[in-house]
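As structure tokens, the structure follows; a few thoughts come after it.
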Amino acid sequence: MAQIDRVLRSNIKLRHLQLIVALDQFRHIGRTAEFLAVSQPAVSKMLAEVENLLGVTLFDRSSRGTDPTPGGQSVIRFARSVLAEYERTRDEITAQASGAAGRTRVGAMVVAMPLLLAQAVKALKDRSSQATVLVEEGDLTHLLPKLRLGELDLFVGRLEPGYASPDLIAEALYNEPMVVVVKPGHALTSKRKPAWRDLASVPCVMPPPWASLRVKLEQMFFRHGLQPPGDIIETSSFLALSTFLRERGAAGFMARSVAAQYEREGLVKVLKMTVPIDLPPIGIMTLRGRLLTPVSQQLMECLRSAAPGG
């Protein structure tokens with residue numbers, strides 16, 4: 001234990017951490033060497049050096065590639081966290097030296113992208129055009145681990161209660177109901193009042209199983225005496241949703257304000273039916289105890305102002 005503590009505090013170098021993260025990303029010594037612009041023997045030598053320092057095997061090597069050991073997974077998390085803090089500090093110092101406003105990294109769900117986040121970023125840019133915003137789109141299962149590792153500064157999306165945790169600070173901004181969408185010209189758009197039985201008879205794009213909306217949608221079909229559609233695609237991606245609406249004539253579910261925006265752009269058509277489901281609010285998540293950079297704090301202010309009723 002004392003040896004590992006000493007190594008992590010003093011002996012391990014930035015290049016070691018970069019190697020560990022690259023090996024985890026590529027799971028192959030040759031591709032890692034190519035990415036780092038060094039030889040394969042140099043990668044093997046550096047990995048052996050780190051493992052000797054720690055007294056722990058970090059990766060199992062085989063003809064198929066490299067797989068992290070349980071100890072390796074712990075060190076990978078440490079490496080990602082340290083590198084994220086390094087990049088944050090570097091960007092902040094560079095911004096201060098150049099007079100720029102700095103950089104913030106945001107994880108966003110589709111529900112927050114076209115209106116809330118777009119308006120907030122515009123407001124931030126109006127304050128300082130040199131502020132840089134990195135946006136990574138995804139769902140909670142993809143984005144929260146990055147938030148915890150420090151690879152993201154904040155998360156914007158639905159605050160699913162099942163993902164509440166003492167290490168996260170959640171701030172609700174507004175509620176956003178769902179609507180049903182199809183492609184323009186779909187047969188259901190000609191119905192004066194489409195019903196749940198109509199949805200049960202066509203392919204449907206549904207939220208992933210982890211989303212509370214998925215269970216509630218299935219309950220709505222049961223409530224109307226129907227089985228949920230058997231022909232489904234599961235996704236939280238707008239690109240996938242719009243693709244299957246267009247290519248398979250599917251119906252899907254989308255936040256009302258997002259659907260209205262895409263309807264104005266001619267990408268979807270909102271059906272004239274209600275989806276009476278209580279959903280988690282749209283809001284912001286940050287990691288408790290992590291000091292946000294000034295530009296991240298400014299973006300949060302812009303998000304609050306851009307939210308309906310803000």
Exercise for the section: Could you grab the distance from atom CD of E49 to atom CE of M46, nearest 0.5 Å is fine? Expected result: 7.5 Å
Handout entry: Residues R214 and E234 bridged, charged N to O under 4.0 Å
Key = yes
Problem - All side chain to side chain contact (heavy atoms under 4.5 Å, CB included) counterparts of R31, not counting sequence neighbours - result: F26, H28
Exercise for the section: Determine whether Q73 and T69 make a side-chain contact, defined as any pair of heavy atoms from C-beta on separated by less than 4.5 Å. Expected result: no
Handout entry: Working for side chain to side chain contact (heavy atoms under 4.5 Å, CB included), residues M206 and I233
Key = CA-CA 6 Å; M206 300 284 274; I233 301 102; over 6 Å; no
Problem - Mutual orientation of the aromatic rings belonging to Y262 and F238 [parallel < 30°, tilted 30-60°, perpendicular > 60°] - result: parallel
Practice task
Just do the side chain to side chain contact (heavy atoms under 4.5 Å, CB included) check on L143 and L147 with the steps written out, would you?
Solution key: CA-CA 6 Å; L143 298 174; L147 180 65; over 6 Å; no
Practice task
Please check if the side chain of H186 supplies one atom and the backbone of K183 the other of a donor-acceptor pair under 3.5 Å.
Solution key: no
Practice task
Measure from the side-chain N and O atoms of E51 to the backbone N and O of L58, and report whether any donor-acceptor pair falls under 3.5 Å.
Solution key: yes
Handout entry: Hydrophobic cluster membership, V133 vs M109, 4.5 Å side-chain cutoff
Key = yes
Handout entry: Validation row: T66, D24 side chains within 4.5 angstrom (heavy atoms)
Key = no
Problem - Short side-chain donor-acceptor distance under 3.5 Å, R15 and Q18 - result: no
Exercise for the section: Inspect the contact between E87 and R103 and indicate whether a charged nitrogen and a carboxylate oxygen are less than 4.0 angstrom apart. Expected result: no
Problem - Spacing of F59 atom CZ and L19 atom CG [to the nearest 0.5 Å] - result: 7.5 Å
Exercise for the section: Identify whether V179 and L217 are in the same connected component of the hydrophobic contact network (ILVMFWY, side-chain heavy atoms under 4.5 Å). Expected result: no
Practice task
Could you tell me whether Q119 atom CD has more than 12 heavy atoms of other residues or ligands within 6.0 Å of it?
Solution key: yes
Practice task
Salt-bridge test for R288 and E171: reply yes if a basic N is under 4.0 Å from a carboxylate O, no otherwise.
Solution key: no
Exercise for the section: May I ask you to decide whether R127 forms a salt bridge with E301, counting only side-chain N to carboxylate O separations under 4.0 Å? Expected result: yes
Practice task
Output yes when a side-chain donor or acceptor of S242 lies under 3.5 Å from a complementary backbone atom of L239, and no otherwise.
Solution key: yes
Fill in the blank from the handout: In this structure, CD of Q130 is separated from OG of S128 (nearest 0.5 Å) by 5.5 Å
Problem - For V268 against A259, the heavy-atom pair lying closest together - result: CG2-O, 3.8 Å
Handout entry: Rounded distance (nearest 0.5 Å) linking atom CZ of F222 with atom CD of Q227
Key = 5.0 Å
Handout entry: R248 side chain near V202 side chain, heavy-atom distance below 4.5 Å
Key = no
Practice task
Before giving the answer on side chain to side chain contact (heavy atoms under 4.5 Å, CB included), spell out for V110 and S236 the whole-Å C-alpha distance, their side-chain angles and the decisive distance to 0.1 Å.
Solution key: CA-CA 7 Å; V110 173; S236 59; 6.0 Å; no
Handout entry: Nearest non-hydrogen partners of P280 and R158, listed with the distance
Key = O-NH1, 2.8 Å
Problem - Side chain to side chain, T286 and L168, heavy atoms closer than 4.5 Å - result: no
Practice task
Please report the closest heavy-atom contact between V156 and A112, naming both atoms and the distance.
Solution key: CG1-CB, 3.5 Å
Handout entry: Nearest non-hydrogen partners of I20 and A79, listed with the distance
Key = CG2-CB, 4.3 Å
Exercise for the section: Please examine the side chains of L279 and N175, heavy atoms only from C-beta on, and report whether any two atoms are closer than 4.5 Å. Expected result: no
Problem - Minimum heavy-atom distance L149-R77, with the two atoms named - result: CD2-O, 3.5 Å
Exercise for the section: State, without any angle test, whether E160 and S212 hold a side-chain donor-acceptor pair at a distance under 3.5 Å. Expected result: yes
Exercise for the section: Using a strict cut-off of less than 4.0 Å between a Lys/Arg side-chain nitrogen and an Asp/Glu carboxylate oxygen, indicate whether E85 and R290 qualify as a salt bridge. Expected result: yes
Practice task
Kindly work out whether a path of hydrophobic side-chain contacts (I/L/V/M/F/W/Y, heavy atoms less than 4.5 Å apart) joins I232 to F221.
Solution key: yes
Exercise for the section: Go through the steps for V75 and V56 under the test side chain to side chain contact (heavy atoms under 4.5 Å, CB included), then give the verdict. Expected result: CA-CA 10 Å; V75 177; V56 174; 5.9 Å; no
Fill in the blank from the handout: Taken to the nearest 0.5 Å, the spacing of I284 CD1 from L159 CG works out to 9.0 Å
Exercise for the section: Report whether L140 and V135 are members of the same hydrophobic cluster (ILVMFWY, side-chain heavy atoms less than 4.5 Å apart, transitive linking). Expected result: yes
Handout entry: Closest approach of V111 to G157 (non-hydrogen atoms, all atoms of both residues)
Key = CG1-CA, 4.1 Å
Completion exercise
Quick note, salt bridge (charged side-chain N to carboxylate O under 4.0 Å, His left out) partners involving residues 267-287, not counting sequence neighbours, are E263-K269
Exercise for the section: Report yes if some heavy atom in the side chain of V275 is under 4.5 Å from a heavy atom in the side chain of M220; otherwise report no. Expected result: no
Practice task
Starting at OG1 of T293, measure out to CD of Q298 and round the result to the nearest 0.5 Å.
Solution key: 8.5 Å
Practice task
Please check if the side chain of S201 supplies one atom and the backbone of D198 the other of a donor-acceptor pair under 3.5 Å.
Solution key: yes
Exercise for the section: Please confirm whether the backbone N or O of A240 pairs with a side-chain atom of T235, one donor and one acceptor, at under 3.5 Å? Expected result: no
Problem - Positive for side-chain contact (heavy atoms from CB on, under 4.5 Å) with V106, one of L152, D153, L299, L303 - result: L299
Exercise for the section: State, with a plain yes or no, whether a side-chain heavy atom of K193 is found less than 4.5 Å away from one of M273. Expected result: no
Problem - Joint cluster assignment, M300 & F155, ILVMFWY side-chain distance < 4.5 Å - result: yes
Handout entry: Ion pair E151/R80, N-O distance below 4.0 Å
Key = yes
Practice task
Answer whether the closest heavy-atom distance between the side chains of H142 and E136 falls below 4.5 Å.
Solution key: yes
